[in-house]
Number of protein chains: 2
Amino acid sequence: MDGSDVNIIRHFEKYCELDDDDRTLLTELERHPMTLTAGELLWEEHQAIDAFCLLRKGWAYSYRSMNDGTRQVLDVYLPGDVIGLREFSFQRRLSSVAMLTEASLGRFNHRYLIGLFGSSHRATALFFSMLAGQQALLTERLVNIGRRNAREKLAHFICEMYMRLKRVYPELPQHFHMPLSQQMLADILGLSSVHVSRTFSELREAGLVYRDRNRIEIPDPEALIEATQFSDHYLRERVADHLFESGKPWPETAVAAKGSPVGQGRAADPE
Amino acid sequence: MDGSDVNIIRHFEKYCELDDDDRTLLTELERHPMTLTAGELLWEEHQAIDAFCLLRKGWAYSYRSMNDGTRQVLDVYLPGDVIGLREFSFQRRLSSVAMLTEASLGRFNHRYLIGLFGSSHRATALFFSMLAGQQALLTERLVNIGRRNAREKLAHFICEMYMRLKRVYPELPQHFHMPLSQQMLADILGLSSVHVSRTFSELREAGLVYRDRNRIEIPDPEALIEATQFSDHYLRERVADHLFESGKPWPETAVAAKGSPVGQGRAADPE
DNA sequence: CGGACACTTGATGACACTCAACTAGTGTGG
DNA sequence: CCACACTAGTTGAGTGTCATCAAGTGTCCG
């Protein structure tokens, strides 16, 4: 289950190879963890920015509150995720962050991050990669909210969580704990909580997803993936190691490729 | 008008201060531009990734195609924007990119970017900042699509474009050229083109936005901003210069702040 | 002049929202 | 141990926003 601790450094190495110096630099992130309880706020929209956080244990989420009292959840964070990276270049928080469970967090600030830029290409690439990965999650959620119906939205989201959890906990069985109320799911998916309830009933009747309180069971993952047309492309970020070998960079060697689209002619491999 | 060229380096300096070496490094990006015509594809989803692009002139957009033939637009790029950064750590394109107008692009690859990580903290921070800024745009669009009705969606989007254009072209008057068909707007906002048409009529009747083909006029920007509750927080990214001075980084000096949320007590200034 | 394309307008219906009543589980206090 | 409150979720009825389909207008362009 997800009570077991995640080895953060080992988790990072899924994104980008690291050497011993990198690892030493990054263990700093875990030196002075703080603990928050479920429901507690990490920070709120509009506050001055003074830190980023590495989520070591537990679940968290970020959200924007609307004037009419509704809200939109932007991210759900799992152990190993870095919170607040997106606000790197802003003066004030763009979203609030709160805990979904008891959680342990390591803090670090801009100077640490910029110091990292100076100390290690690989660590820099790692953070760049994590930011890119979060962005990929966001674009997928955008598609989900903009272009799918309630059933597809919910099924797709559950698929995504399943896949993300599997990445963090490779041994994850076909049932798992997902500490998200139906109201929270509604805030994530741009639905009403009532409709989330109905949609769960639909998925249960279709035999795709069973739910009991916060326990989710996916009897047949393949079937769910098929039903939602889920593709995990956007969850497979990894910085190829050979990129760090010194090689010929563009644009120095670029041939002016006037009029011919980049990559045109290189057809996508059949998956 | 937006026919006039944007000085890219000067544009970058709005995001992060640069020294002469940084500027020299970055001018490389413009050395071998390529030109694409309106409608032309830069790349397609699932293709192998071999480059990023700096948009020097013109407009572009990225999108995801759905199985049912609809699509979701993810970004609209303006001169000075970097395209494809989000795919930094992926093997294949997550979205297709096409031109909205004739456009000029500078290409660069991973090695150039990673080389930059080694050459300049400031340039690294600049790219980090651009990635963060694009993510902020995405989160705002997520809120827009998830939690607002058609009228608010359209008005908010027009506000956003107006503000973004003003950042690139400070002299922008209250009317401007926006090369987006109603179908395209529908694909951006998660609506149907028919409903976009109706919504434009509504905005016209409310006296908020007048439209003639691709020309948009905002007679009273203040009124529109007020009506949409628009806030430009998320467009104001900038890396503070003092962060580059050597100072005490966390987490080395972090005091374990057990149980007390980061930033708690620092109330947001009244805006 | 004809055809393509972008947009407009009307009619109809589906999907999801709101409101409201109800159930089940959980915690609290007497 | 039971009464009560509180929360999360379920279900039904009525409503509304927006999608879809279809017909029609205007403009551009050869």
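Naming convention: chains lettered A, B, ... in sequence-line order (proteins, then strands); numbering from 1 in each chain.
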Do B:Leu74 and A:Leu138 come within less than 4.5 Å of each other through their side chains, counting heavy atoms only?
no
Quick one: do A:Glu45 and A:Arg64 make a salt bridge, cutoff under 4.0 Å?
yes
Considering only side-chain heavy atoms of B:Arg211, which listed nucleotide, D:dG9, C:dT9, C:dT8, is closest?
C:dT8
Name all residues meeting the side chain to side chain donor-acceptor pair (under 3.5 Å) criterion together with A:Arg213; count only those two or more places apart in sequence or in a different chain, and write none if there are none.
none
Interatomic distance where CZ belongs to B:Arg215 and P belongs to C:dA6 [whole Å]:
21 Å
Quick one: is B:Ser181 getting a side-chain N or O under 4.0 Å of the C:dA6 phosphate, OP1 or OP2?
no
A:Arg204 has an atom CZ; how far is it from atom P of D:dG9, in whole Å?
13 Å
To the nearest angstrom, the CD1-P distance between B:Ile216 and C:dC7 comes to 10 Å
Does A:Gln182 make a side-chain N or O approach to OP1 or OP2 of D:dT10 shorter than 4.0 Å?
yes
Here the distance between atom P of D:dT10 and atom CG of A:Leu185, to the nearest Å, is 11 Å
Can you list the residues that meet the side chain to side chain donor-acceptor pair (under 3.5 Å) rule with A:Glu237, with sequence neighbours excluded?
A:Arg167
Any side-chain heavy atom of B:Leu191 within less than 4.5 Å of one from B:Lys153?
yes
Just checking, is any N or O donor in the side chain of B:Glu140 or B:His233 under 3.5 Å from an acceptor N or O on the other one?
no
In this structure, how many angstroms lie between the C1' atom of C:dC7 and the CE atom of B:Met184, rounded?
15 Å
Rounded to whole angstrom units, what separation is found between the CG atom of B:Asp212 and the P atom of C:dA6?
16 Å
Would you kindly give the CG-to-C1' distance between A:Asn214 and D:dG9, to the nearest whole Å?
12 Å
Distances under 3.5 Å between protein N/O atoms and the N/O atoms of nucleotides 15-23 of chain C, please, pair by pair.
| from | atom 1 | to | atom 2 | distance (Å) |
| --- | --- | --- | --- | --- |
| C:dA16 | OP1 | A:Ala150 | N | 2.7 |
| C:dA16 | OP2 | A:His195 | NE2 | 3.4 |
| C:dC17 | OP1 | A:Ser192 | N | 3.0 |
| C:dC17 | OP2 | A:Ser192 | N | 3.3 |
| C:dC17 | OP2 | A:Ser192 | OG | 3.0 |
| C:dT18 | O4 | A:Arg198 | NH2 | 3.4 |

Is the backbone N or O of B:Leu94 less than 3.5 Å from a side-chain atom of B:Glu87, with the two atoms forming a donor-acceptor pair by type?
yes
Tell me: CZ of B:Arg213 to P of D:dT27, nearest whole Å?
9 Å
Does OP1 or OP2 of D:dT11 have a side-chain N or O of A:Ser201 closer than 4.0 Å?
yes
